[in-house]
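Structure record follows, encoded as structure tokens.
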Amino acid sequence: MISARPSYTCLILLPLMLCCPWLIPQAHASLDEARTSKSELLYNLALLSQTPNRPRQEIYTVCAFEEDIGHLKATSLESQKLQQSQIFLVTLKTQADVKRCNLLYIQDVISQKPLELQQIIQKESVLTVVHQGNKFAEFGHVEISEQEKRYQFVLHLGSAKQAGIVFDSRLIKLANNLIQ
């Protein structure tokens with residue numbers, strides 16, 4: 001049965017759309033810009049980071065937990081190739097699934113067992129990109145933050161070296177900070 005009664009959302013949004021129609025596309029465009037910038041940053045981080053201890057694969061797997069995968073979906077990241085490897089986005093269900101990742105993106109998720117996750121990342125040489133402010137940032141290899149609609153990043157050289165990850169000199173020059 002269809003209700004003829006208008007919803008409260010429509011009653012609020014309709015006048016807003018009529019008086020300020022530019023707000024809706026602008027908010028959508030801003031979100032798209034942020035996703036595109038993040039996608040480009042992750043692509044370049046992957047491109048300029050090597051893991052000599054890992055065998056080369058036909059698929060470059062970018063992973064995120066369920067809470068974070070939405071930040072990567074609807075970007076062009078999955079349609080790109082990285083040095084002849086197709087990029088593939090994977091939603092992780094458990095920490096053990098991290099083993100199949102080349103790059104792990106953490107934004108909102110808070111690990112219940114951070115030391116266990118850190119051990120997996122170090123053992124499997126998984127490039128870990130963590131959003132600034134996340135409690136897992138101290139275990140990551142790259143810490144990103146958004147400043148005035150631009151992304152900045154810090155490289156954690158000590159933890160990257162432990163995991164067998166080597167950063168290209170161009171990436172090191174672009175970093176806002178280097179942490180041993």
Side-chain angles (χ1 to χ4, degrees), residues 35-146 151-172 174-175 177-180:
R35 283 186 173 155
T36 300
S37 295
K38 189 182 302 179
S39 173
E40 290 170 358
L41 176 61
L42 291 176
Y43 178 83
N44 285 310
L45 289 170
L47 184 66
L48 298 172
S49 303
Q50 292 84 35
T51 52
N53 300 341
R54 280 188 94 138
R56 188 172 179 97
Q57 302 164 326
E58 289 183 27
I59 296 175
Y60 189 90
T61 309
V62 176
C63 302
F65 290 99
E66 290 179 279
E67 298 88 341
D68 294 331
I69 198 71
H71 299 288
L72 301 179
K73 292 288 184 183
T75 67
S76 61
L77 189 61
E78 197 165 23
S79 64
Q80 297 185 35
K81 284 197 170 216
L82 184 73
Q83 301 172 347
Q84 287 85 43
S85 297
Q86 182 64 44
I87 296 177
F88 187 65
L89 292 177
V90 172
T91 303
L92 299 175
K93 303 286 185 205
T94 68
Q95 291 190 63
D97 293 340
V98 171
K99 294 176 184 177
R100 65 187 205 185
C101 305
N102 295 93
L103 186 149
L104 173 62
Y105 176 73
I106 300 174
Q107 180 167 326
D108 295 331
V109 74
I110 298 171
S111 175
Q112 301 301 321
K113 301 176 184 174
L115 292 177
E116 180 183 318
L117 183 56
Q118 180 193 19
Q119 289 170 348
I120 294 169
I121 290 165
Q122 300 293 68
K123 182 180 176 193
E124 302 297 329
S125 298
V126 177
L127 176 62
T128 306
V129 180
V130 183
H131 224 271
Q132 183 182 35
N134 186 292
K135 292 180 182 178
F136 196 76
E138 66 184 274
F139 302 115
H141 307 118
V142 181
E143 186 178 341
I144 65 172
S145 62
E146 189 177 358
Y151 281 97
Q152 299 178 348
F153 63 95
V154 173
L155 298 177
H156 293 261
L157 300 176
S159 61
K161 184 177 179 179
Q162 277 185 307
I165 297 169
V166 180
F167 295 122
D168 188 283
S169 61
R170 295 172 289 178
L171 190 61
I172 292 172
L174 290 172
N177 196 4
L178 302 172
I179 298 174
Q180 298 296 327

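The structure presented is a predicted model; accordingly, all values stated were derived computationally and were not measured.
- Annotation for Gln83: atom CD counts as buried by contact number, over 12 foreign heavy atoms lying within 6.0 Å.
- Using modelled atom types, no side-chain atom of Thr91 and backbone atom of Glu66 make a donor-acceptor pair closer than 3.5 Å.
- Pairing each heavy atom of Thr51 with each of Ser125, the nearest pair is CG2-O, 3.5 Å.
- For the atom pair SG (Cys63) and NZ (Lys99), the distance works out to 13.5 Å, reported to the nearest 0.5 Å.
- Of the inter-residue distances, the one linking Leu155 atom CG with Gln180 atom CD reads 10.5 Å to the nearest 0.5 angstrom.
- With sequence neighbours excluded, the residues satisfying side chain to side chain donor-acceptor pair (under 3.5 Å) with Asp168 are Arg170.
- Every residue meeting the side chain to side chain donor-acceptor pair (under 3.5 Å) condition with Gln162, not counting sequence neighbours, appears here in chain and number order: Gln122.
- Considering CZ of Phe153 and CG of Asn44, their distance stands at 9.0 Å, rounded to 0.5 Å.
- Every side chain to side chain donor-acceptor pair (under 3.5 Å) that Gln57 has, sequence neighbours left out, goes to Asn102.
- Annotation: side chain to side chain donor-acceptor pair (under 3.5 Å) contacts of Gln80 (sequence neighbours excluded): Ser76.
- Taking all atoms of both residues into account, the shortest heavy-atom contact from Ser159 to Gly140 is OG-O, 3.0 Å.
- Taking all atoms of both residues into account, the shortest heavy-atom contact from Leu171 to Ser49 is CD2-OG, 3.8 Å.
- With contacts defined as side-chain heavy-atom distances shorter than 4.5 Å, the pair Ile144/Tyr105 qualifies.
- For Ile179, the side chain to side chain contact (heavy atoms under 4.5 Å, CB included) partners are Val154, His156, Asn177, not counting sequence neighbours.
- The side chain to side chain contact (heavy atoms under 4.5 Å, CB included) check on Gln86 picks up Lys81, with sequence neighbours excluded.
- Across all non-hydrogen atoms, the minimal contact from Gly164 to Pro52 is O-CD, 3.3 Å.
- Residues Ala46 and Leu82 come closest through the heavy atom pair CB-CD2, 3.7 Å.
- Proximity of Phe88 to Glu58: side-chain heavy atoms (C-beta onward) are nowhere separated by under 4.5 Å.
- Using a 4.5 Å heavy-atom cutoff, the side chains of Phe65 and Val98 are in contact.
- A distance of 12.5 Å separates CZ of Phe167 from CG of Leu174, quoted to the nearest 0.5 Å.
- Residue Val126 is tested with Leu103, Leu104, Ile165 for a side-chain contact (heavy atoms from CB on, under 4.5 Å); the sole match is Leu104.
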